[in-house]
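Notes to accompany the following structure.
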There are 2 protein chains.
Amino acid sequence: MALLQWQGDKSFICRLKFYVVMLKKSTFLLLAGFFISLFVEAQVLRSPDGNFQMEFSLTNKGEPSYQLNFKNKPVVLSSLLGFDLKNDEIDLLEGFQVKNSETSSKDEIWNPVWGEENQIRNHYNEFLVELKQVETGRIIKIRFRLFDTGLGFRYEFPVQENMGHFVVQEERTQFAMAGDHTAFWIPGDYDTQEYDYMESKLTEIRSLMEEAITPNASQTPFSDTGVQTALMMKSADGLYINIHEAALIDYPAMHLDLNDQDLVFESHLTPDSQGNKGFLVTPVQSPWRTVIVGENAAKILESRITYNLNEPSKIENTSWIKPMKYVGVWWEMITGQSSWAYTDELKAVKLGVTDYTQVKPNGKHGATTANVKKYIDFAAKHGFDGVLVEGWNVGWEDWFGNSKDYVFDFLTPYPDFDIDAVRDYAKAKGVQMIMHHETSSSVRNYERHMDEAYQLMKDYGYLAVKSGYVGDIIPRGEYHYSQWIVNHYQYAIEKAAEYQIMVNAHEAVRPTGVARTWPNLIANESARGTEYQAFGGSKANHVTILPFTRQIGGPMDYTPGIFEMDVFNGSHVNSTLANQLALYVTMYSPLQMAADYPENYDRFPDAFQFIKDVAIDWEKSLYLEAEPGYYLTIARKAKDSGDWFVGNVNGMAGRTGQVSFNFLDPSKSYIAVIYADKADAHFKSNPQAYEIKKFAVDAKSVLKQFSAPGGGYAVHIKEATKEELKGLKKLK
Amino acid sequence: MALLQWQGDKSFICRLKFYVVMLKKSTFLLLAGFFISLFVEAQVLRSPDGNFQMEFSLTNKGEPSYQLNFKNKPVVLSSLLGFDLKNDEIDLLEGFQVKNSETSSKDEIWNPVWGEENQIRNHYNEFLVELKQVETGRIIKIRFRLFDTGLGFRYEFPVQENMGHFVVQEERTQFAMAGDHTAFWIPGDYDTQEYDYMESKLTEIRSLMEEAITPNASQTPFSDTGVQTALMMKSADGLYINIHEAALIDYPAMHLDLNDQDLVFESHLTPDSQGNKGFLVTPVQSPWRTVIVGENAAKILESRITYNLNEPSKIENTSWIKPMKYVGVWWEMITGQSSWAYTDELKAVKLGVTDYTQVKPNGKHGATTANVKKYIDFAAKHGFDGVLVEGWNVGWEDWFGNSKDYVFDFLTPYPDFDIDAVRDYAKAKGVQMIMHHETSSSVRNYERHMDEAYQLMKDYGYLAVKSGYVGDIIPRGEYHYSQWIVNHYQYAIEKAAEYQIMVNAHEAVRPTGVARTWPNLIANESARGTEYQAFGGSKANHVTILPFTRQIGGPMDYTPGIFEMDVFNGSHVNSTLANQLALYVTMYSPLQMAADYPENYDRFPDAFQFIKDVAIDWEKSLYLEAEPGYYLTIARKAKDSGDWFVGNVNGMAGRTGQVSFNFLDPSKSYIAVIYADKADAHFKSNPQAYEIKKFAVDAKSVLKQFSAPGGGYAVHIKEATKEELKGLKKLK
């Protein structure tokens, strides 16, 4: 297969003219550069379906560059590649010549442990170019993989005589945009990802940045035009373009800094406290930089580029990794109704010194044995797998904002949390307890206690842990997404795997498909989750954007399922109840919470039935309607039951969508239960106005369904016998 | 006992005049301050023997202050106490009033696990003052303990409503000197203690600083007049004054910054990467600040203030803690004759990736099984307890200067080091192997591997570990002596205790008597050790100063015993051979190395006999002659045998000293073997000119003995029968 063609560098003639002029005043050195560049020709790689064309070339200065077209439309204009180095006189930017190149291709199917589908095709053509920097003799390789949904590429630094250790000052990867696209963006920040999305033209980012930077417990924005990945864009001519990274391992997380004159994004890595952006030792490679492209937004969601660019699972026996639906002692603290802390009397806590038996309980501690038993009862009654309990361990009185090194021991329960009794009660009820490790970003302290903490989980039968990294990192001056801290998150995942523990890390770096390699990473937060609905609210269209941005890298523990929108602390949840149900389908995660109080579910048992019914692991997923910021409709087939579930979330304006059920087996009949907004529903004024309808459906059915502002709908489609269908209206 | 007297503030009259003037233009606030200060009177504490008088008072601004006299001579003039805080508007410097005060006294004997003597008297009078800052309501306590050898005091921050967590911007403890003393100092530095000592007047420090700052692998000097503790000084009127700290736990190490106009030292704490100088949580206390004082220099060495101010041992069963005399595969690497690294082929090593079986050995790797067996044979033959092996584990090819996070795993031997065979061979020969953990200052990496590394030691029967912290700290920007890293050294000691492992930490923070509490900390380097004799040499009087400075805090693994002064790499050891022998007595340590090559000991078997004979644990120690920088003679009685050993080290000029043997049992007779410089010996030109003499001695004997420049002598005194004494000359 002719994956690759050598063709004349289109700009050759122009360059030649330039050289002639330059030669008149040139030195031998320039001349040498000239002769090298004379041999440079563009090298072209095509995607398996031929729609994408990636062109690699060296500029006249020997700078590596690439460009990407889709069906002859430019996606990425000619963009430079390279690195500024910290301790070397000569950067890795120019003076390169092509030493070697090779092409290959791959087409394979692999089966994820959990996921949106039970098999994933990894199909690409690859171009690997080996570049030699003439002056230094250093070798770098750039590996491009072109899929039918876009491009991935990374830098590789092989073992070599002239480069062993090096410090990155900055990665200088460009993504030159072909127009002033509409972008769904959040501010670039070294410490938080928990922003509401802005929708604007690229050229409007600068003027909107101040508005976009809303307060957070730890935040370090760095540029007026810096944004985070996954960055979702839409071009004027209808192309959807998504830039992210894959396989972020022991490397700083990448941001994109926009030159809004030229519309060129450049990589901006997260520094350490001294401004270093990566200490690398050969052999080593960067994470993959990805550009996912589609003619419609659904194509972005269909792409499996991010997972495909990660290594296969390093966990051999994955039988202990199981998707979970759970409830927990959490929303009541988030809304201020109860507290993580046991007492209000302690100005400061010293673990091992503070005697909790000598202080007065505050009377609103959430993680009491009695309260936890209530949640266990609820979970058992309604078939949930697990119960999360936050605030069970000593130290919450002063955990936040004090830069406290020894903040938690992850071992010692509060006096009113009987960990033995809870274990026994949960076991008797057939419910799994979910552990909680808030680190307060004191990462050394967590690592020091990690073995004991994981061992306690094993001893008490906890299968999964929710970890948290709230507040500024300790050691002070380090950032949440620097190489050193990214290395920590990975360490926690790999050590958890040794203990056969599943991890759901909050405030950790945004995922980049690492869950393929370490499938015990069953979820992350790493974005603005439901908690913000209790902190003043999120934009009502937030959930129509997250699947195109945050979820490109992996599942999010979004903690949906809020039924009472006016919460205890006075904040309002900007969502209708039907929208909350739809999230179990649209926000894919193998870990799904029903976050509201049991009492609120008891008030709406008919709606709650959907949360009980909905699956959490899927055979396949179909992206029926998709427009980031506006609407998203997904149908998924449950892995176990074969039931189908459809979810629609809607943006700020009411909308009636239409989806065909042609994904159903034409030879079968089904019952569809539709949980939808009423006509007068509204995320602000009337969020609980929902209706539940039941229809007989088949592969010829088409659902025309209204969704309110901030609304949506959820559908459960189950194969049915004629008996069961009797008397049911047929959906037209 | 009237420990404490209240007496009129001597400066009261002067202050009153000041107030009268000020009152004319005063505000109410000043007036309030005035009334508070009216109630301030000096409070006086005396040492048990009455020689010391410490006076505490508040200034008219409510600043805590103290002064110290010895036999009515001023030692510390009126000096302020307090803290700058980082995040609080009001510092802890002024506006205090005395809320309460109490006095107490203690007189106890305790027995160290190892030491210069087998019982230590802890005898002091104490004054504890509780101060309230009127404006903030904050409480601090200052606890003063006055011993017969000097003063210790510390700050205490009790649990209180108005202060829970606080960040120290700077500790503002002053030590106002009464004159332009002669000081033995090294530059204040956040990262190294490995300097040669300067001897100068305090006012000369500034002009000598540049000369004093010699290169080191990691160094961060901070001030033209900043020096380290323990700082040894001598006043014009013959007082010896030593300033240091005790019980440095989870707090930054203190330097002293000199105001050389006023001759006032002020504490200067080691910052973190952001300039923070301590994150404290109540209840908490500072380390003790100590001022040891004597009319002669020997009194400084007799003082046990540093240990007495530390907590008793937290290790209950200390039977596994045993002093050790050892040899090792070390000096041959230090001198460049062999290498830590296995190969010269690797530009960079990736642990777990690099395949050492595929590279060519460099042929000079020191830690080969064969070479180690040679050392084991030598240790067994000559009765040494242990053999240290450096460079046994993979990673030494690029361990230094690359800021490499995962630099060692502390587990994987090089292909030519058969850890099983070594274990078996050592066991068969009755020799203990000593582990080596070089961290390259990558402290997180060490902590991650610590459990496994210690467990490997247990599995292979290693009782002790030499750890190292060469190079800049990782995380980058942190310093060797900041709170966060001090906390790490302590973590390593305490975790080692869990495994019943003894620790000898090199490049760690200077000791402050913590070995009383954690007696498994059997030694530190934390100063310029013998290795510098192979790095260009140390001053020949270096070892006459170290006991007054570095060793105030605890034993030093100085690694003496060099017999061949012209070493392989061309450097010269500035010491005579007799001086090297004396170090086993003068440089107290429960861990003593015979550092030279076995071959060099074989060349001088008669002198080597002293190293074989000398004890390493003592019943008592007598400081017979002492003048820092010039000479030091110590006699010690061995704990087991009852033998006496005398060591004399000498400064730059030849000197004949005279010591009486009146410490011997008057009813007994002894043989003394004297290892001394010949008359023409000299550290530079004739270092190996020694002579060994044997005498009959008793309690009436007086030794008049010449020591060469950079020389010294060592004496072994053993009880003898008449039979044994027959024919021996009597020492006059």
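Numbers restart at 1 for each chain; the letters A, B, ... are given by sequence-line order, proteins then strands.
Going from atom CD of B:Q490 over to atom CG of B:L521 covers 8.0 Å, rounded to the nearest 0.5 Å.
Counting heavy-atom pairs closer than 4.5 Å to chain B, the top-ranked of the candidates A:D398, A:I474, A:V353, A:D272 is A:D398. In terms of heavy-atom pairs under 4.5 Å with chain A, the best-connected choice from B:P283, B:P475, B:G477 is B:P475. Chosen from B:L346, B:N276, B:T282, B:N162, the residue pairing most often with chain A at heavy-atom distances under 4.5 Å is B:T282. Interface check for chain B: of the options A:K404, A:R476, A:K495, A:E161, the most heavy-atom pairs under 4.5 Å are formed by A:R476. Interface remark: of the candidates A:R444, A:E447, A:Q483, A:R444 forms the most heavy-atom pairs closer than 4.5 Å to chain B. Comparing B:M450, B:Q274, B:R448 by heavy-atom pairs within less than 4.5 Å of chain A, the highest count is held by B:R448.
A side-chain donor from one of A:Q455 and A:D459 sits under 3.5 Å from a side-chain acceptor of the other. Using modelled atom types, one finds no donor on one side chain facing an acceptor on the other under 3.5 Å when comparing A:D409 with A:H449. A donor and an acceptor atom, one from each side chain of A:D250 and A:N487, are located under 3.5 Å apart. Under the 3.5 Å distance criterion, with hydrogens and angles disregarded, a donor-acceptor pair is assigned to the side chains of A:N362 and A:S339.
Using a cutoff of 4.0 Å between basic side-chain nitrogens and carboxylate oxygens, B:E156 and B:R154 are scored as salt-bridged.
Using a 4.5 Å cut-off between heavy atoms, A:E478 touches chain B through its side chain atoms alone. Residue A:V284 touches chain B through both its backbone and its side chain, counting heavy-atom pairs closer than 4.5 Å.
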